[in-house]
K.L.:
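Here it is, the structure in full.
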Amino acid sequence: MQFGIFSVSDITTDPTTGKTPTEHERIKAAVTIAKHAEDVGLDFFAMGEHHNPPFFSSSPTTLLGYIGAETKKIILTTSTTLITTNDPVKIAEDYAMLQHLTDGRMDLMLGRGNTGPVYPWFGKDIRQGIPLAIENYSLLRQLWEEENVNWEGNFRTPLRGFTSTPRPLDGVPPFVWHGSIRSPEIAELAAYYGDGFFHNNIFWPSSHTKRMVALYRQRFAHYGHGKPEEAIVGLGGQFYMAKDSQTAKREFRPYFDNAPVYGHGPSLEDFSQQTPLTVGSPQEVIDRTLSFREDMGDYQRQAFLVDHAGLPLKTVLHQLDMLGEILPVMRREFDAMRAPGVPDAPTHASRVAALGGNTAEAAVATVDDVTGSSFYEQQENDDAAVENADRLLRATQHK
């Protein structure tokens, strides 16, 4: 099990002081937070991508590259990289470069994005979000797997004899997680290729998350990648810890009540009951996190949102210290519960060792061998969405 933190890069006023950090302060704070995450023993640090206020992370590769030079062990990843509004050619180049600079200490999470105005800023239409995600990802894989790419699609100019540089480190492309909150088509995309699926469930009830993860697991097995329990799953979550639950609630409540992502909706207590938000003692955070397995099964990556809602840097670092103190307990408990045969989270080293650098050939063979029906037990809207995604996947693959 990998434990880490992710940031949405929000710039939010601290309601207890009235102070709003500058972009410069938040950017530098992200570096400090990532370095401290490594110091307390976390496995990964993830940074999101946004192109609109009040967020600062418009160039996650630049930030992660800098952090990579300042750290030694921690895995660097995204949460998420926009596969729809970014050019797949640039994604292939940027993340292969980051892979080399970090000696393989990276992977990435791809998502389609749900901020409507961003699409036209990059010449795209949000109504084409799913077809864009499917076509762009197909091209991205081809760019990493083939040195001489000839390609033609619907959303960008054709490529003739193009080679993306640098080539992936050791001939093994970065491992890809597909992040989604509510799109079954993205779960289908992850399952089709045998990639990881990350459900960022921080604002959603466990019943919805359970359904999305189950869908991905079923389709992962359908496409011949292994048993449902062997699928690679990641989950989001968020917490605020103090010595006891009363102190934690008293300290976090003003941030919850006033932050744009939380405030003016359900109460802190109701929100905590309905979502993974845990505000309480270290033992309560341990117990709540362990409970995620009851609904989702064994999974490989747990990402916590810590630096948000206007919390000052000093507080975030203290939260990381407390997380570091309970990490050994959570690692031990999750390992003890894990069923036999459940794989670890993929890393560059494990993929090189397991596949001998033949990731490209193995992936292409898997896709070419896909057969079978599209039937599985889900509600009608999921049936239609996944059937459409399946059709688009096959059409894109065989262009």
K.L.:
Which residues pass the side-chain hydrogen bond (donor to acceptor under 3.5 Å, both in side chains) test with R301, sequence neighbours left out?
P.N.:
Q2, D107

K.L.:
With a 4.0 Å cut-off, would you call D170 and R351 a salt bridge?
P.N.:
no

K.L.:
Can you name the residues that form a side-chain hydrogen bond (donor to acceptor under 3.5 Å, both in side chains) with T163, not counting sequence neighbours?
P.N.:
none

K.L.:
Would you say R160 has more than 12 foreign heavy atoms packed within less than 6.0 Å of its CZ?
P.N.:
yes

K.L.:
Does this structure show an ion pair linking E146 with R141, if we count only N-O contacts that are shorter than 4.0 Å?
P.N.:
no

K.L.:
With the threshold set at 4.0 Å, does a side-chain nitrogen-carboxylate oxygen contact exist between D257 and R253?
P.N.:
no

K.L.:
So which heavy atom on F239 is nearest to which on V285, and how close?
P.N.:
CB-CG2, 4.1 Å

K.L.:
Answer yes or no: are there more than 12 heavy-atom neighbours, outside Y66 itself, under 6.0 Å from its atom OH?
P.N.:
no

K.L.:
Hey, does M47 have a side-chain heavy atom less than 4.5 Å from the side chain of I33?
P.N.:
no

K.L.:
For S164, enumerate each residue passing the side-chain contact (heavy atoms from CB on, under 4.5 Å) test, keeping only those at least two apart in sequence or located in another chain.
P.N.:
A92, E93, L143, F162, R167

K.L.:
Going by distance alone, is a donor N or O of one side chain under 3.5 Å from an acceptor N or O of the other, for T81 and Y95?
P.N.:
yes

K.L.:
Would E25 and K19 count as a salt bridge (charged side-chain N to carboxylate O under 4.0 Å, His left out) if you check the C-alpha gap in whole Å, the side-chain angles of each, and the deciding distance to 0.1 Å?
P.N.:
CA-CA 12 Å; E25 288 172 332; K19 183 181 185 303; 3.2 Å; yes

